[in-house]
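Here's the structure, in C-alpha cells; my notes come after.
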Amino acid sequence: MVRRRSQLIPWRVAGGVADEHANADQVVRETGWVFNNETGAALTLEDFVMSGNKEVNAYLRVFGMNEMNLEELSVLEIGSGIGRMTSRLTHRFGTVIAADVDATFLERCRETVAKHGVINRLRTAHVTDGHSVPLADNSVDAVFSYITLQHCSNADALSLTKESLRVAKPHGVVMLNYRTWVLADIFLQPTGALVRALWKTKVFGPWLAKQRVATRLGWQANRVSTSDVLDVIRHSGRPCNEIVLFHHPHRRRSLLAGITDRVIGGSGIQERVLPRANKSHWWLILRLGE
Ligand SMILES: C[S@@+](CC[C@H](N)C(=O)[O-])C[C@H]1O[C@@H](n2cnc3c(N)ncnc32)[C@H](O)[C@@H]1O
C-alpha cells in the first residue's frame, strides 16, 4: 500500500524513527519538525506540547467552542501524530479519540498524553487504509483535524471529510483544515510530485524521506477545493445549522467564487477571515442540525 500511496511514506519513515528512540525528547528532536516545523538540539517534548496547547486554545476560541461545555463532549482528532495538540484536547474535552494512519505515532501520542494531558480521557483509532475512520455513525460530538488533510491524496482527504460527517452526532461540530492553491504552487506542485516519485525508489527513497527540505516539498500531496468539500456535505444529506469557511485576510479570491448553490442542508455558507491562519490554508467549521 505504501509504495502505491507515496504521500504516506514520510509518516511511515518518521514513525520508524519515533520507534527507535525510548526518550520522548529525543523523538521530538528527530521527528518533531514533521509536526510543527521546529528543529534544534535543545527541543523538548514539553516545548512541543506547548506549541500545540497555544494552537488548540486559539482555534477552539475562534471556532466558538468556548461557549460549549466541552468537558461533557467527545472529540475525534484526525491526524493526531505524536500528540502535539492531543494533550491539550484531553484537558478541554471529556473524551478524545486520537486517529492517525501511523500506529507508532499513536503509541507515542499515548505517552505524550500520559505526561502532559489527561490519559484516562484518551482513546486511539488507527486509520489503517488512510481514508476510513473505525468509529460508528453518530458517535462523537466534534471532529478536529489540523495540517493533515493536505498530506493525504485528494480522494483520501474528501473521504475523511465524508467520514467526519458520518461519525459526528446531530448537533456535532466538524472543524477541518485544508490547503488551497497559492501562486507558489506553480513551483511547489511539480517539485512535490517529483519528490514523491523519488520516495518510491528503493535505495534513495527511505533516505530522502528523512530529509526535511525535500519532505516539506513532497508531503503536501493535495489542494482541496471548497466546491468539492461542499459537495461532500451536500451529498451527506445532513441538516446543517451553520457552515463557515475561514481563510487568511490576505486571500483576495473568495473561497466561494464560482459556487452558485450557497445553501446546504438548510444553512447558508459564510466566509470569514482568520488572521492566524496560514496563507495557504482554509478551514471548514460546520455545525450540524438535528
Ligand atoms: C503534519 S502532521 C500534523 C499532526 C498534528 N495535527 C499536529 O498538528 O501536530 C500530519 C499527521 O497526519 C497523519 N496522516 C497523514 N495522512 C493521514 C491519513 N490519510 N489518515 C490519517 N492520518 C494521516 C500523519 O501520520 C501525521 O501524524
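Counting starts at 1 for both ligands and their atoms, in listed order. Side chains are part of it too, since the values below use all heavy atoms of this structure and drop only hydrogens, waters and symmetry mates.
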**Asked** Does R238 use its side chain to pair, donor to acceptor, with the backbone of A168 at less than 3.5 Å?
**Response** yes

**Prompt:** Given the side-chain rings of W283 and Y146, with only the six-membered ring counted for Trp, is the space between their centroids under 6.0 Å?
**Reply:** yes

**Item:** Under 3.5 Å: N/O of G79 near N/O of ligand 1
**Value:** yes

**Item:** ligand 1 to G130 polar contact by distance, N or O atoms, under 3.5 Å
**Value:** yes

**Item:** Any T95 side-chain heavy atom under 4.5 Å of V75 side chain
**Value:** no

**Item:** For F105, the ligand 1 atoms whose distance to one of its heavy atoms is below 4.0 Å
**Value:** 25 (O), 27 (O)

**Prompt:** Polar-atom distance check: Y146 versus ligand 1, any N or O pair below 3.5 Å?
**Reply:** yes

**Message:** Considering non-hydrogen atoms of the protein only, which is the closest contact for atom 11 (C) of ligand 1, and what is the distance?
**Reply:** T148 OG1, 3.7 Å

**Item:** Cation-pi, Y59 ring and R276 (6.0 angstrom, 45 degrees)
**Value:** yes

**Prompt:** Going by the side chain to side chain donor-acceptor pair (under 3.5 Å) test, which pairs reach into residues 172-184, not counting sequence neighbours?
**Reply:** T161-Y178, N177-H281, R179-Q220, R179-S280

**Request:** Apply salt bridge (Lys or Arg N to Asp or Glu O under 4.0 Å) to the pair E46 and K115, showing each step before the final yes or no.
**Result:** CA-CA 9 Å; E46 194 174 350; K115 284 196 176 113; over 6 Å; no

**Request:** Give the residue and atom name of whichever protein heavy atom lies nearest to atom 3 (C) of ligand 1, and the separation in Å to one decimal.
**Result:** I147 O, 3.7 Å

**Complete:** Min over V133, V56, T128, V101 of heavy-atom distance to atom 18 (C) of ligand 1 lands on V101

**Prompt:** Atoms of ligand 1 less than 4.0 Å from G81 heavy atoms?
**Reply:** 27 (O)

**Request:** Answer with side chain, backbone, both or neither: which part of M85 has a heavy atom less than 4.0 angstrom from an atom of ligand 1?
**Result:** side chain

**Request:** For atom 24 (C) of ligand 1, find the nearest protein heavy atom and state the residue, atom name and distance (0.1 Å precision).
**Result:** W11 CD2, 3.4 Å

**Prompt:** Which option out of V49, D100, D102 puts a heavy atom nearest to atom 25 (O) of ligand 1?
**Reply:** D100

**Within-cut-off N or O pair, R84 and ligand 1, under 3.5 Å** = yes

**Message:** By the definition salt bridge (Lys or Arg N to Asp or Glu O under 4.0 Å), identify the one residue from K162, K169, R166 that meets it with D137.
**Reply:** R166

**Message:** Under 6.0 Å between ring centres: does that hold for F144 and F63?
**Reply:** no

**Message:** Give me the nearest non-hydrogen protein atom to atom 2 (S) of ligand 1 as residue plus atom name, then the distance to 0.1 Å.
**Reply:** F35 CD2, 3.6 Å

**V173, L76, L160 screened by side-chain contact (heavy atoms from CB on, under 4.5 Å) with V143, the one that passes** = L76

